[in-house]
Amino acid sequence: MTSPRVIEQRGLYFDELELDVVYAHRPGRTVTEADNVLFTTLTMNTQALHLDAAWSAAQPFGQRLVNSMFTLSTVVGQSVSQLTQGTIIAQLGLTDVSFPHPLYHGDTLYTETVITEKRLSKSRPGQGVVTMQHTGRNQDGTVVALATRSCLMWTRAAHAGLATEVQQGRGQGSVHGAEKGTMSL
């Protein structure tokens, strides 16, 4: 009896990512009070705007705000299954992060990503640097988060070659540069 073919869920490889295409990540994520309070307290953020309903009611927005770091984490997280699951080597950085409108308890967050730049690494064959622009919107289409993210990504051929080497016991799977813990791109 032959084994069934297995299809593993993954993101896209460097060579599959297209510039200036909108990747719409679904489903959306409805943010609850519990999400906000748990994230805020787990990260030791004592900001009353996230925790104190009575105090927040007297502030300009009139209610508690969802912790912006939760919003950012969710925006990036919503992109993973479609873009980087199993195809990323490392997140290199986030820039141009902004929150033009607050997210509130009960809002649903939807994320879209546009690949704005990509180049093969000069020093790491089979890998490339990808720049992504993430946009988070609430259920009304209002932009609540923007972030530019850079990632080091596998090409399909290099990742397949690494998997073969690891299976044969030859691959090290290291992403280190000349010195341990560093990367050259």
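Residue numbers start at 1 and run along the sequence shown.
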**Request:** Please report the closest heavy-atom contact between A145 and P100, naming both atoms and the distance.
**Result:** N-CD, 4.0 Å
**Prompt:** Closest approach of T131 and S150, non-hydrogen atoms and distance?
**Reply:** OG1-OG, 3.8 Å
Measuring from [X]:[atom1] to [Y]:[atom2], what's the distance to the nearest 0.5 Å?
{"X": "T84", "Y": "Q91", "atom1": "OG1", "atom2": "CD", "answer": "8.5 Å"}
{"X": "L12", "Y": "Q82", "atom1": "CG", "atom2": "CD", "answer": "7.0 Å"}
{"X": "L146", "Y": "L72", "atom1": "CG", "atom2": "CG", "answer": "10.5 Å"}
{"X": "C151", "Y": "M132", "atom1": "SG", "atom2": "CE", "answer": "4.0 Å"}
{"X": "T113", "Y": "L17", "atom1": "OG1", "atom2": "CG", "answer": "10.0 Å"}
{"X": "L109", "Y": "T30", "atom1": "CG", "atom2": "OG1", "answer": "9.5 Å"}

Would you say [X]'s side chain and [Y]'s backbone share a donor-acceptor pair under 3.5 angstrom?
{"X": "D15", "Y": "R156", "answer": "yes"}
{"X": "Y13", "Y": "A157", "answer": "no"}
{"X": "Q127", "Y": "S121", "answer": "no"}
{"X": "K118", "Y": "F14", "answer": "yes"}

**Request:** Please examine the side chains of R26 and E112, heavy atoms only from C-beta on, and report whether any two atoms are closer than 4.5 Å.
**Result:** yes
**Asked** Can you get from M69 to L94 by hopping between Ile, Leu, Val, Met, Phe, Trp and Tyr side chains that sit under 4.5 Å apart?
**Response** yes
**Complete:** From the list T46, D35, N67, N45, side chain to side chain donor-acceptor pair (under 3.5 Å) with T40 holds only for N67
**Request:** If the plane angle is over 60° it's perpendicular, under 30° parallel, otherwise tilted; pick one for W154 and H159.
**Result:** parallel
**Request:** For residues 70-79, pull every pair meeting side-chain hydrogen bond (donor to acceptor under 3.5 Å, both in side chains), keeping only residues two or more places apart or in separate chains.
**Result:** Q78-T111, S79-R149
**Request:** Can you run down the side-chain hydrogen bond (donor to acceptor under 3.5 Å, both in side chains) pairs that involve residues 49-66, sequence neighbours left out, and say none if there aren't any?
**Result:** E33-R64
